[in-house]
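Values in this document were obtained by computation on a predicted structure and should not be read as measured data. We name chains A, B, ... by the order of the sequence lines, and we start the count at 1 in each one.
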2 protein chains.
Amino acid sequence: MQAVQYPVIVNGITSPRRERADAARNRVKILTAAAGIVATHGVEGLSMAEVATAAGVGVGTLYRRFGDRSGLAYALIDEREREFQAAFIEGPPPLGPGAEATARIRAFLHALTDRTVEQLDLLLMAETAAPLARFGGAYDGYHAHLSMLIAQARPGADAYVLADALLAPLAAPLLAHRLRGRGVTAERVKAGLDDLLAAFTT
Amino acid sequence: MQAVQYPVIVNGITSPRRERADAARNRVKILTAAAGIVATHGVEGLSMAEVATAAGVGVGTLYRRFGDRSGLAYALIDEREREFQAAFIEGPPPLGPGAEATARIRAFLHALTDRTVEQLDLLLMAETAAPLARFGGAYDGYHAHLSMLIAQARPGADAYVLADALLAPLAAPLLAHRLRGRGVTAERVKAGLDDLLAAFTT
DNA sequence: AACATAAACCGGAACTGATTCCGTTTGCAA
DNA sequence: TTGCAAACGGAATCAGTTCCGGTTTATGTT
């Protein structure tokens, strides 16, 4: 996955080069079409060719813009993703700053659980389109955040590895497998994570 | 994945129907050819068409026998898998029965880590060939075993969910991502799991 | 204000690899 | 010997991804 990256706008000044008008127009068309397909046919209907056709665009354009299937899926949940990131980075406690590290860890894992369950279909597709797709998107952000909190809550521990370990149970494939049909619910998953966190709390 | 299942042989008596001679011959040819390809070209070279050609068999046969790419990969690691299962089910403690539940949990997770790292390439392929492939193979065995131990070590806890949570960090994609290039080692992963287990030990 | 030009972008044909289908062949047991 | 379920092989299908010759656009120039 290596979608086109555009310069970030800082203080109204854009670096190198701005996105071309036709490109911007197409991006909107593509995302709109894709969202429409998901809404009507579910994620199963979301094939690259379908999206391209529905958007009135060539598949090449689609790949240029989003890199691959996984990239397209992540783009579709981008908005909600930004909200979530904002919430744990600068939102109100206990998710955001201001609460104790332990409380924030707990709040973060609960919130991530909810968010994942909420968009399970798209996340499942995004994470499994390519073998390591999960570690290309928002994962690094979650990991950095959780690492920091763990380091605070538990000085001396291997925060880097522990963060992975706590994020792992929230991988879309596992949740999808357990939440469908079997009696496992989001609440049970959260409770289980709380149980694991006991090691930190005490 | 839904490879053909053959009757288990119990006390020399085979149930329903035995595998046909030509089928057995082909299975050996396929596995031999596949192992050869992996040895010479790595797992990347393991395409279904390649294997079929090398084995002198049609692709249809390959699918009839192993269900899909994932099934073929699991078949290739089956021997080692049986050893591992035997070790934690009836081998010497602390991995096998005879030790305390907490010790067995720890031993199990360490052993599983080693085993996974050892065959990381094939496991990565096996687990990511299809979105939920991981939960079709040996996973249920691990989960049942770990659930039992957790229930013993921690009566009242949600062993079912906790078992998933402890197995999740050992998913092939995560390990592959961390062990390649970044300073994470199998030992660090094990130490991290031990840290999580502190909640049980105390 | 029209123009020239290179960088970006476009579309869709072509390619790749997994999986399915189905007419044909084979092994086994009656 | 014969019947048929099981197995076979490989063509056909399907979806993701790559390629590349042909446009469009942003920008500097006249």
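- A:His110 meets the side chain to side chain donor-acceptor pair (under 3.5 Å) test with A:Asp194; sequence neighbours excluded.
- A:Gln152 meets the side chain to side chain donor-acceptor pair (under 3.5 Å) test with no other residue; sequence neighbours excluded.
- The nearest whole Å value for the distance from the CZ atom in B:Arg25 to the P atom in C:dG27 is 6 Å.
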Exercise for the section: Encode nucleotides 8-18 of chain D as B, S and - characters from 5' to 3', where the letter depends on protein heavy atoms closer than 4.0 Å: B to the base, S only to sugar-phosphate, - to neither. Expected result: BBBB----SBB
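- For the salt bridge (charged side-chain N to carboxylate O under 4.0 Å, His left out) test, no residue two or more places apart in sequence or in another chain qualifies with A:Arg69.
- Every pair passing ring pair (Phe, Tyr, Trp, His ring centres under 6.0 Å) that includes a residue from residues 170-192 of chain B is listed here, sequence neighbours excluded: A:Phe135-B:His177.
- Sorted pairs that involve residues 23-61 of chain B and meet ring pair (Phe, Tyr, Trp, His ring centres under 6.0 Å), not counting sequence neighbours, are lacking altogether.
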